[in-house]
Amino acid sequence: EDQVTQSPEALRLQEGESSSLNCSYTVSGLRGLFWYRQDPGKGPEFLFTLYSAGEEKEKERLKATLTKKESFLHITAPKPEDSATYLCAVRTTGNQFYFGTGTSLTVIP
Amino acid sequence: GAGVSQTPSNKVTEKGKYVELRCDPISGHTALYWYRQSLGQGPEFLIYFQGTGAADDSGLPNDRFFAVRPEGSVSTLKIQRTERGDSAVYLCASSPSGAAYEQYFGPGTRLTVT
């Protein structure tokens with residue numbers, strides 16, 4: 001069964017304290033893995049797409065990496081404005097889309 | 001340019017009523033998606049349009065749910081005989097071309113069935 005699992009469910013960091021969020025997936029075939037940021041009351045905001053193992057993408061304090069079984073979203077020296085829920089999604093070779101339940105990140109000043 | 005817009009932003013309806021939710025995608029985006037998101041959960045795929053046709057409607061939970069996109073732009077999600085379990089945020093997203101590209105989401109419509 002195709003599945004996307006994110007961990008941890010919630011993460012509290014001090015400002016400047018770097019960490020990583022995990023997205024593990026079990027799918028019949030992967031066409032792409034997507035990371036989104038979602039603020040309360042808003043729709044998800046696109047961050048990255050990764051297509052193959054070994055691929056990395058960076059944007060400001062965020063870096064996404066991909067292996068054959070999981071993806072990591074690394075947050076370097078986070079700021080309070082990075083507080084949000086981070087969602088991972090996969091598109092399968094069968095054109096199915098699955099989202100994880102997200103990691104709620106809180107960065108404390 | 002303008003992003004994806006959804007109307008209404010909030011909808012409260014009584015059990016058994018019919019509702020329509022509207023999505024205006026980003027101009028020029030050929031792919032359009034509907035998702036449903038419950039509190040504390042990730043978006044759940046409902047249906048995907050490529051142009052005017054539904055390329056994949058496997059996520060629609062039952063035949064009370066239906067969506068159209070008659071001119072390949074605006075889409076309407078229709079829910080008949082609403083049930084309390086239909087209460088959720090309904091998200092629409094559009095994509096430049098096909099399903100391989102990133103999706104840009106609207107702010108959602110919060111549907112509450114009383």
Side-chain angles (χ1 to χ4, degrees), chain A residues 1-10 21-25 27-52 55 57 59 62 64 71 73 84-105, chain B residues 2-10 21-26 29 31-50 53-60 77 88-112:
Chain A
E1 179 183 342
D2 296 330
Q3 193 169 351
V4 178
T5 303
Q6 290 189 247
S7 62
E9 290 185 10
L21 313 181
N22 177 264
C23 171
S24 62
Y25 59 92
V27 296
S28 51
L30 182 71
R31 291 292 295 274
L33 185 140
F34 306 87
W35 281 98
Y36 289 86
R37 168 193 171 126
Q38 187 171 28
D39 293 294
K42 297 188 176 181
E45 174 190 348
F46 170 75
L47 294 173
F48 303 109
T49 307
L50 301 166
Y51 293 105
S52 57
E55 190 174 359
K57 294 274 181 74
K59 179 181 179 181
L62 301 176
S71 176
L73 184 65
T85 295
Y86 290 85
L87 294 165
C88 167
V90 300
R91 178 200 173 210
T92 71
T93 51
N95 286 330
Q96 299 291 307
F97 289 87
Y98 300 97
F99 274 82
T101 55
T103 293
S104 177
L105 173 67
Chain B
V4 177
S5 62
Q6 294 186 244
T7 54
S9 56
N10 281 282
L21 311 179
R22 176 187 168 105
C23 172
D24 282 87
I26 293 172
H29 281 194
L32 185 146
Y33 311 80
W34 283 99
Y35 292 86
R36 178 169 70 175
Q37 187 173 28
S38 299
L39 191 63
Q41 301 297 312
E44 174 193 8
F45 171 77
L46 296 177
I47 187 170
Y48 155 51
F49 287 90
Q50 183 61 42
D56 184 348
D57 64 357
S58 62
L60 295 177
L77 178 65
V89 175
Y90 288 81
L91 294 165
C92 174
S94 69
S95 179
S97 176
Y101 294 88
E102 61 270 17
Q103 300 172 25
Y104 296 88
F105 283 82
T109 293
R110 180 175 298 280
L111 175 66
T112 303

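Proteins get letters first, then strands, A, B, ... in listed order; numbering begins at 1 in each.
- Contact of B:S58 with chain A is made through the side chain alone, with heavy-atom distances under 4.5 Å.
- Taking A:G41, A:A89, A:P44, A:G43 one by one and counting their heavy-atom pairs under 4.5 Å with chain B, the maximum is reached by A:P44.
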Show your reasoning for whether side chain to side chain contact (heavy atoms under 4.5 Å, CB included) applies to A:L62 and A:L73.
-> CA-CA 7 Å; A:L62 301 176; A:L73 184 65; 4.3 Å; yes

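- Neither the backbone nor the side chain of A:E9 comes within less than 4.5 Å of any heavy atom in chain B.
- Formation of a donor-acceptor pair under 3.5 Å by the A:T49 side chain with backbone atoms of A:F34 is not found in this model.
- Between A:F99 and A:Y36, the two ring planes are tilted [angle within 30° to 60°].
- Looking at B:Q6, there are no atoms closer than 4.5 Å to chain A (heavy atoms on both sides), in backbone or side chain.
- For A:Y98 and B:F45, the ring centers are positioned 6.0 Å apart or more.
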